[in-house]
Amino acid sequence: MNAPLPSTIVPPMLVMDHVTVDFDGFKAINDLSLTLESGSMTVVIGPNGAGKSTMCDSIIGRVRPTSGRVLFHGQEIQREPEHRIVSRGICRKFQTPGVLTGLSTIDNLVIAATADRRWWKSFTNAGQDEARARAETVIEQIGLRDRAEALAGNLSHGEKQWLEIGMVVATDAELLLLDEPTAGMGAVESTQTAGLIKTLIGRHAVLVIDHDIDFVAQLNGHVVVLHQGQLLREGTLEDIRNDEEIAAIYLGRAK
Amino acid sequence: MSPPPSRTLDPKAAIWLAALLLAIIAPFIVSAYNLNLIGRFLALSLTGMGLVLLWGEGGVLSLGQGVFFGLGGYVLAMHLKMADLGQGELPDFMTWSGVTKLPVWWAIFRSPVTAMLGILIVPTAFAVLFSWLMFRRRIGGTYFALITQALGLAFATLLISQQGLTGGFNGLTDYHTLFGLNLNLPSTTRALYWLTLLLVVLAYFGLRWLLASRFGTMLRAARDGSNRIRFLGYDPGPYKVVAFSVAAMLTGVSGALFTLHAGVISPALVGVVPSIEMVIWVAIGGRYSVLGAIAGTLIVNFAKDKISTALPELWLYALGGLFILAVTALPNGLAGFFGSDRWKRPALDETLARWRARKAVS
Ligand SMILES: Nc1ncnc2c1ncn2[C@@H]1O[C@H](COP(=O)(O)OP(=O)(O)O)[C@@H](O)[C@H]1O
Ligand SMILES: [Mg+2]
């Protein structure tokens, strides 16, 4: 089952290989296998408690798989420290915004955009010009130019969401995991967010978790349906919409 | 054309400059008794400054700073005791306890050079090791505070129990010469006072530099969101290790200077209660402000000197009361009454800026 791939084949960017996450007997993720390709757009939907956030957690190292493997460019990462996984080029936005409240908006972005994150580099300004330039670009993208010098802790909820998305983007990671980026946003803001996310595809592979079907439709990505920790269906949004079983357990309920 | 930069000194800086000038000429205007007190309290303020870095900016509360204070103080005191001895002689308390040979970890500090290095290295090396073990295992918050408190208790207990090697409960006292200078001469006292003042000023500028550097930003980031920066690819541990160790080094120097001014170091100065007092100086002065920590240390210790000579029973209650007041009503301490640093803007400014941003979006 876990036979190594022939060396002539380039491995996919990310592979979740039969991953199970067991919380004291409760399998939040149950034998889940999934492949993500570079530059792709994937949307994960599923009812509350389906295990969507836990899936992201198991990729980024916040929870550790009880069994199974996570491979990034063919290398196992499921036992590495979080910051090492991130350094490989995976970054995640959490469901509840976790901005650095005591720092300004722009400083949040500069920290995210700094490429060399080894601690002793913090005594120098090496690479800071590039990081600042990238932060300036991202702050335009997320529309927080006017709030650059404001304390992140004083931003409104929606602004924090955008800052958090901005931080993930600023890292320039190859794979971006966005967990409910529109939580707490209105329709207009959601549409803006969808527009922002679509500009990321290609340069980054993006995996978005969301509840809002309108938002998912705007993203126009490959859709994965999770249910009780298992992959129920994959396909285009049309395929999923026309699937009776899914309509019964998820979309039907959402109506 | 832009307006020429203003030449007028801002009033806060003027006040501090005046205070510094007064401090420099203090030996000629205050009594020897008061000069000794100021010297002691300035020495203590190095401990307070360390806590600004560690607790204020790093968010790590240590209730065991007395350990590092004691390590610096005891290293110097051991040197001072040996400086008064002839060849082959032992400190009096060792002889009384039946110790016949000077232990190696005493003998190393006989030379002034190793003693000075020891004051810097012993507390710092211990701090690096201890904090690395703690932060690597992600121990923080209340657990960390409790562990450091236990460390302080263990240190004081160990000192007391090893009567023949440490001077026990009485500690180490009664020294007369430093680098061949007579410690009782007024000229020596004055020189030591100025040395202390110089070190306080150097530490002040050093800390300001460190806090303004990118390291300072990362330390605040690690304080506000250890997990957040971990998931941005940073390891938060080393920033806290550095903060803890720099604080420990300052505290060690603080202990050594205090030992010189006070003429004694003993377990009663390094255990649990003194360690908590150190935190209180900074809570009252302002834990986000280096100057606030210096002011807090001086004010609380002068108050202690006055109150505890007049009404000894009252002091602990007064201290407790001040602490509760500082924590509940003045989270930024006395420094909160002055100025606003970049990361602590006045609320009004913020509200206005947010309102403007809203208007711009809609
Ligand atoms: N640390 C944890 N310990 C125990 N149970 C957890 C933990 N994290 C999540 N769960 C459970 O796992 C299930 C999946 O959670 P989650 O991944 O957050 O779902 P989703 O993001 O799809 O709403 C939920 O039932 C949740 O209660
Ligand atoms: Mg979730």
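Treat the numbers as computed from the prediction; the structure is a model and nothing was measured. Numbered from 1 within each chain, the chains take letters A, B, ... in sequence-line order.
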If every non-hydrogen atom of [X] is compared with every non-hydrogen atom of [Y], which pair is closest and at what distance?
X	Y	value
B/Tyr288	B/Val52	C-CG1, 4.1 Å
A/Leu103	A/Asp107	CB-CB, 4.1 Å
A/Gly102	A/Leu151	O-CD2, 3.5 Å

[atom2] on [Y] to [atom1] on [X], rounded to 0.5 Å:
X	Y	atom1	atom2	answer
B/Glu57	B/Leu211	CD	CG	5.0 Å
A/Arg145	A/Ile106	CZ	CD1	6.0 Å
A/Glu164	A/Leu155	CD	CG	11.5 Å
A/Ile142	A/Glu159	CD1	CD	9.5 Å

Seminar exercise, completed: side chain to side chain contact (heavy atoms under 4.5 Å, CB included) test vs A/Leu178 passes for just one of A/Ile197, A/Val169, A/Val44, namely A/Ile197

Exercise. Does a salt bridge link A/Lys93 with A/Glu180, judged by any charged N lying under 4.0 Å from a carboxylate O?
Worked result: no

For this session: Determine which residues belonging to residues 83-90 of chain A lie within contact range of chain B, meaning some heavy atom pair is under 4.5 Å apart, and list them by number or answer 'none'.
Result: A/His83, A/Val86, A/Ser87

Within the distance-only criterion (no hydrogens, no angle test), does the side chain of [X] pair as donor or acceptor with the backbone N or O of [Y] below 3.5 angstrom?
X	Y	answer
B/Arg228	A/Gly98	yes
B/Tyr234	A/Ile111	yes
A/Thr105	A/Ala150	yes

For this session: Below 4.5 Å from any heavy atom of chain A, which atoms of B/Leu219 appear? Answer side chain, backbone, both or neither.
Result: neither

Seminar exercise, completed: Highest number of heavy-atom pairs under 4.5 Å with chain A among B/Ala221, B/Gly216, B/Gly225 belongs to B/Ala221

For this session: Find the one option among B/Leu232, B/Asn227, B/Leu210, B/Ile229 whose heavy-atom pairs under 4.5 Å with chain A are most numerous.
Result: B/Leu232

Problem set entry | Structural part of A/Thr101 lying under 4.5 Å from a heavy atom of chain B | both

Exercise. Do any of residues 235-254 of chain B come closer than 4.5 Å to chain A, heavy atom to heavy atom, and if so which ones, in number order?
Worked result: B/Asp235, B/Pro238, B/Tyr239, B/Val242

For this session: Enumerate by number any residue of residues 121-143 of chain B whose heavy atoms lie under 4.5 Å from heavy atoms of chain A; in the absence of such residues, state 'none'.
Result: B/Arg138

Exercise. With a 4.5 Å heavy-atom cut-off, do A/Leu36 and A/Met16 have their side chains touching?
Worked result: no

Problem set entry | Option that, when pairs with chain B are counted at under 4.5 Å, heavy atom only, ranks first among A/Gln128, A/Lys121, A/Arg62 | A/Gln128

For this session: With sequence neighbours excluded, tell me which residues meet side-chain hydrogen bond (donor to acceptor under 3.5 Å, both in side chains) with A/Gln78.
Result: A/Glu76

For this session: Using only heavy-atom distances, determine whether the side chains of B/Ser289 and B/Asn332 contain a donor-acceptor pair under 3.5 Å.
Result: no

